[in-house]
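Worksheet: one structure, shown below.
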Amino acid sequence: MTDLTFIDSLRAIVGDRGVVTEATDLEIYNTDWRHIFHGKARCAVLPRNTQEVSAVVRLCASAGVPMVPHGGNTGLSGGATPDDSGAQVVISLARMSAIRNIDPVGETMEVEAGCILQTAQEAAAEAGLLLPISLAAEGSARIGGILGTNAGGTNVLRYGMARTRVLGLEVVTANGEIVSGLRRLRKDNAGYDWKQWFIGTEGTLGIITAAVLQLAPMSRNTVTVLLAVPSPEAALKVMRAARQGIGETLNAFELMSGTALELVERHQGLKVPLAPSEWYVLLEASSSLPSLREAVENLLGEVLEREDATDGVIAESERQESELWALRESITEAESREGRSVKHDVSVPIPAIPAFLREAGAAVAGAFPQARINAFGHAGDGNIHYNLVVSSSTDGSALNALVHDIVVAHGGSISAEHGIGQYRVKELERCRSLPELELARCVKHALDPSGLMNPGKILASLHAEK
Ligand code: FAD
Ligand code: MLT
Ligand code: ZN
């Protein structure tokens, strides 16, 4: 098929406005959020409904054209960025953004893949419910991307990763088949739970077009606390005390280094309301029971008395809550303004966090003395963003290997929540066992035998090997 015929056929499916071919208009699809990956899409296609997604995929499959699903483009592993061959078609779900229904009794929401997370959160809140997936990119990230990456964020401690919210899914498979499992059942053990094959697989097995999400009751009271803590060990003691004192109400337990908040103060114009400290903890709890505030105050008194925390502040208003959260949620933006960074989105067993930080710190200082460590993250989930601000000449791959070897030695993961995309393909191959990789290749081959769904992401050159 000539390029003109192919583009015309796409237009016949999605309408003229649904196909983007101009180089300047394609820029937003060709570069990732961090501007570290640059590709060259053949075009971008924006279907309006699931049938159009199916028709586009069928056309691409029959023409042997590789496809790259695209959500809000906030992914941090380059999963939504095409390669530079000029052959790949970006399929953006942005025009499929409807919230199809909210069930206030069953506490579910059926939503299309292109809906922005924050829009879905707001719709749930209007119905008096909580969509408990929360991350700093929620104003741009879309449900398809959130599920495609199995995003984590700041509420995982209480509500789990994105996949745990998914009751039902509708997907378009690599050959264009629509598979609809938009059931809103809390219990469904009828055969394979196939929806899991499409969640967290970064568009390499098919395209998510809609989902049924499990919502949660909205708590009436929220308490947010910022603590200065002397060390990661002390932070874990605070976490233990919090789990014991207010455990079931704890939404978030975030650890931030002094360096992280220095960056935020420097670049975001925000002010940390506590004296400078090596480490900080941001903790949020919520409950509908009125005694929550008192329980948190007791907790704060206890950890200050034991000197596990050296200072602390409890937000007195919603505004103060937002101000404390802004410190945490601005770290990524501030880091990107500071200069080049090499990111590590790692997890280790929670008790191993202090040892990991100590060992990685010593290794980095020895091998890359110029690198500045910006460590922060979802400590309550064992997830540390071990990011390093470096110069342009730093060998990022060597730095990755150094940090990831320490992670693996602690039984950790080299991608806690951001996925593999194209950023960590080699490191996945290095750090996962052969049988695990072979299982993944079997699944890829079974669901995408032609290797056209987001090729080169998660698994390299799979097709060539088969
Ligand atoms: P995109 O970036 O567009 O795509 C991401 C991946 O999903 C790609 O591989 C793409 O091909 C695939 N994909 C997109 N749509 C579909 C679909 N419909 N079907 C199948 N596959 C699809 N992540 C966390 O987990 N926790 C955090 O706390 C967090 N904080 C962040 C903070 C900032 C400031 C930023 C910029 C990012 C953060 N992220 C975080 C990264 C996170 O992965 C993304 O924000 C989000 O999950 C991606 O959604 P998106 O719609 O932007 O997807
Ligand atoms: C966050 O939690 O803010 C992001 O996932 C972290 C990052 O930028 O590495
Ligand atoms: Zn994160």
Side-chain angles (χ1 to χ4, degrees), residues 28-29 31-34 37 47 50 53 57 67-82 88 90-94 96 112-117 133-156 161-163 169-174 197-211 252 254-256 260 264 325 327-336 341-347 374-379 381 383-388 415-423 453-458:
I28 53 168
Y29 303 103
T31 310
D32 71 312
W33 187 87
R34 295 174 67 201
F37 299 106
T50 305
V53 177
V57 173
M67 295 158 267
V68 183
H70 195 91
N73 203 31
T74 66
L76 296 174
S77 308
T81 311
Q88 302 190 335
V90 169
I91 302 179
S92 164
L93 281 287
M96 290 178 57
E112 290 183 348
C115 184
I116 288 179
L117 173 59
I133 305 173
S134 181
L135 40 99
E138 63 200 19
S140 308
R142 296 178 189 271
I143 296 297
I146 291 287
L147 301 184
T149 55
N150 183 30
T154 50
N155 278 337
V156 172
M161 299 286 279
R163 87 165 69 245
L169 207 65
E170 179 188 80
V171 301
V172 170
T173 63
W197 303 341
F198 298 90
I199 302 169
T201 46
E202 303 179 54
T204 60
L205 300 179
I207 302 180
I208 296 166
T209 49
E254 301 282 314
L255 180 67
M256 300 173 284
V264 165
W325 269 109
L327 294 169
R328 167 63 185 86
E329 294 189 330
S330 308
I331 298 174
T332 300
E333 184 79 44
E335 180 190 286
S336 72
S341 69
V342 174
K343 284 183 187 282
H344 304 92
D345 162 39
V346 305
S347 58
N374 179 29
F376 62 100
H378 319 285
D381 313 320
N383 177 190
I384 300 294
H385 297 304
Y386 197 76
N387 299 344
L388 296 140
S415 175
E417 56 173 15
H418 296 164
I420 298 299
Q422 51 184 299
Y423 191 39
M453 290 310 311
N454 217 358
K457 312 292 166 52
I458 303 184

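Numbering of ligands and ligand atoms starts at 1, following listing order.
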Practice problem: Could you tell me whether the side chain of Thr204 and the main chain of Thr201 form a donor-acceptor pair under 3.5 Å? | Solution: yes
Self-check item: Proximal candidate to atom 10 (C) of ligand 1 [heavy atom criterion; set Pro69, Gly139, Gly203, Gly72]
Solution: Pro69
Quiz item: What is the closest protein heavy atom to atom 47 (O) of ligand 1, and at what distance does it sit?
Solution: Thr149 OG1, 2.8 Å
Practice problem: May I ask you to list the atoms of ligand 1 that are less than 4.0 angstrom from any heavy atom of Ile146? | Solution: 46 (C), 47 (O), 49 (O)
Quiz item: Looking at the Zn ion (ligand 3), is one of the N, O or S atoms of His378 less than 2.8 Å from it?
Solution: yes
Quiz prompt | Closest approach of any protein heavy atom to atom 4 (O) of ligand 1, naming residue and atom | solution = Ala80 CB, 3.6 Å
Quiz prompt | Under 3.5 Å donor-acceptor, His378 side chain and Val156 backbone | solution = no
Self-check item: Nitrogen or oxygen of Trp33 less than 3.5 angstrom from that of ligand 1
Solution: no
Quiz item: What protein heavy atom sits nearest atom 2 (O) of ligand 1, and how far off is it?
Solution: Gly75 N, 2.8 Å
Practice problem: Is it possible for you to check whether Arg163 lies under 6.0 Å from the centre of the six-membered ring of Phe198, through NZ or CZ, and within 45° of that ring's axis? | Solution: no
Exercise. Fit a plane to each ring of His385 and Phe376, take the angle between them on a 0 to 90° scale, and name the class: parallel (under 30°), tilted (30 to 60°) or perpendicular (over 60°).
Key: tilted
Practice problem: Would you check if Leu93 and His70 make a side-chain contact, meaning some heavy-atom pair closer than 4.5 Å? | Solution: no
Quiz prompt | Under 3.5 Å donor-acceptor, Asn387 side chain and Glu335 backbone | solution = no
Quiz item: Is Glu417 in polar range of ligand 1, meaning some N or O pair under 3.5 Å apart?
Solution: yes
Quiz item: Quick check: does any side chain N or O of Arg142 sit under 3.5 Å from a backbone N or O of Glu112, one acting as donor and the other as acceptor?
Solution: no
Quiz prompt | His378 contact mode with ligand 1 (heavy-atom cut-off under 4.0 Å) | solution = side chain
Self-check item: Per-atom contacts of ligand 1 with Glu202, taking only distances under 4.0 Å to non-hydrogen atoms
Solution: 9 (O), 11 (O), 12 (C)
Quiz item: Would you say Asp345 reaches the Zn ion (ligand 3) with an N/O/S atom under 2.8 Å?
Solution: no
Exercise. Heavy-atom contacts with Ala136 under 4.0 Å: which atoms of ligand 1 show up? List them by number with element.
Key: 32 (C)
Quiz item: Counting distance only, does the side-chain N/O of His418 pair as donor-acceptor with the main-chain N or O of Leu76 below 3.5 Å?
Solution: no
Exercise. Around atom 25 (O) of ligand 1, find the nearest protein heavy atom and jot down its residue, atom name and distance.
Key: Gly152 N, 2.7 Å
Quiz item: Nearest protein heavy atom to atom 33 (C) of ligand 1, by residue and atom, and its distance?
Solution: Ala137 CB, 3.8 Å
Quiz item: Counting only N and O atoms by type, is there a donor-acceptor contact under 3.5 Å from the side chain of Thr209 to the main-chain atoms of Thr50?
Solution: no
Practice problem: Check if Gly153 has a non-hydrogen atom at a distance under 4.0 Å from any atom of ligand 1. | Solution: yes
Exercise. Before giving the answer on side-chain contact (heavy atoms from CB on, under 4.5 Å), spell out for Thr173 and Leu205 the whole-Å C-alpha distance, their side-chain angles and the decisive distance to 0.1 Å.
Key: CA-CA 7 Å; Thr173 63; Leu205 300 179; over 6 Å; no
Exercise. For atom 29 (C) of ligand 1, find the nearest protein heavy atom and state the residue, atom name and distance (0.1 Å precision).
Key: Leu135 CB, 3.8 Å
Exercise. Evaluate the salt bridge (Lys or Arg N to Asp or Glu O under 4.0 Å) criterion for residues Arg328 and Glu254: first the C-alpha distance (whole Å), next the side-chain angles of each, then the deciding distance (0.1 Å), finally the verdict.
Key: CA-CA 8 Å; Arg328 167 63 185 86; Glu254 301 282 314; 2.7 Å; yes
Quiz prompt | Per-ligand residue contacts, ligand 2, heavy-atom threshold under 4.0 Å | solution = Leu76, Arg328, Thr332, Lys343, Phe376, His378, His385, Asn387, Glu417, His418
Quiz item: Heavy atom under 4.0 Å from ligand 1: found in Val68's side chain, backbone, both, or neither?
Solution: neither
Quiz item: In terms of atom number and element, which parts of ligand 1 are under 4.0 angstrom from non-hydrogen atoms of Ile208?
Solution: 17 (C), 18 (N), 19 (N), 20 (C)
Quiz item: Quick one: which ligand 1 atoms are inside 4.0 Å of a heavy atom on Leu93?
Solution: 18 (N)
Quiz item: For ligand 1, which atoms have a heavy atom of Ala151 less than 4.0 angstrom away?
Solution: 25 (O), 47 (O)
Practice problem: Rounded to the nearest 0.5 Å, what's the gap from CD1 on Ile91 to CD1 on Ile207? Could you check? | Solution: 4.0 Å
Quiz item: Any sub-3.5 Å donor-acceptor pair from Gln422's side-chain atoms to Gly78's backbone N or O?
Solution: yes
Quiz item: Under 4.5 Å between any side-chain heavy atoms of Met96 and Val53, yes or no?
Solution: yes
Quiz item: Of the protein's non-hydrogen atoms, which lies at the shortest distance from atom 38 (C) of ligand 1, and what is that distance?
Solution: Leu76 CD1, 3.7 Å
Quiz item: Taking atom types as modelled, is there a side-chain donor on Asn73 or Asp32 under 3.5 Å from an acceptor on the other?
Solution: no
Quiz item: Asn73 heavy atoms, cut-off 4.0 Å: which ligand 1 atoms fall inside?
Solution: 1 (P), 2 (O), 3 (O), 50 (P), 52 (O)
Practice problem: Check whether any side-chain N or O of Ser336 sits under 3.5 Å from a backbone N or O of Glu333 as a donor-acceptor pair, and report yes or no. | Solution: yes
Exercise. With heavy atoms only and a cut-off of under 4.0 Å, state how Thr74 meets ligand 1: side chain, backbone, both or neither.
Key: both
Quiz item: If you check every N/O/S atom of Glu417, which is the one nearest the Zn ion (ligand 3)?
Solution: OE2
Self-check item: Heavy-atom nearest neighbour in the protein, as seen from atom 23 (N) of ligand 1, with distance rounded to 0.1 Å
Solution: His418 CD2, 3.5 Å
Quiz item: Which atoms of ligand 1 are found less than 4.0 Å from any heavy atom of Asn454?
Solution: 9 (O), 11 (O)
Quiz item: Looking only at atom types and distance, does a side-chain atom of Ser330 sit under 3.5 Å from a main-chain N or O of Leu327, one as donor and one as acceptor?
Solution: no
Quiz item: Checking Asp345 side chain against Ser415 main chain: does a donor-acceptor pair fall under 3.5 Å?
Solution: no
Exercise. Let me see the working for Lys343 and Ser77 under side-chain contact (heavy atoms from CB on, under 4.5 Å), right down to the final yes or no.
Key: CA-CA 9 Å; Lys343 284 183 187 282; Ser77 308; over 6 Å; no
Quiz item: For the residue pair Ala141 and Thr74, what are the closest heavy atoms and their distance?
Solution: CB-OG1, 3.6 Å
Quiz item: Given Gly71, Gly148, Ser77, which has its nearest heavy atom closest to atom 14 (C) of ligand 1?
Solution: Gly71
Exercise. Please confirm whether Gly206 comes under 4.0 Å of ligand 1, counting heavy atoms of the residue only.
Key: yes
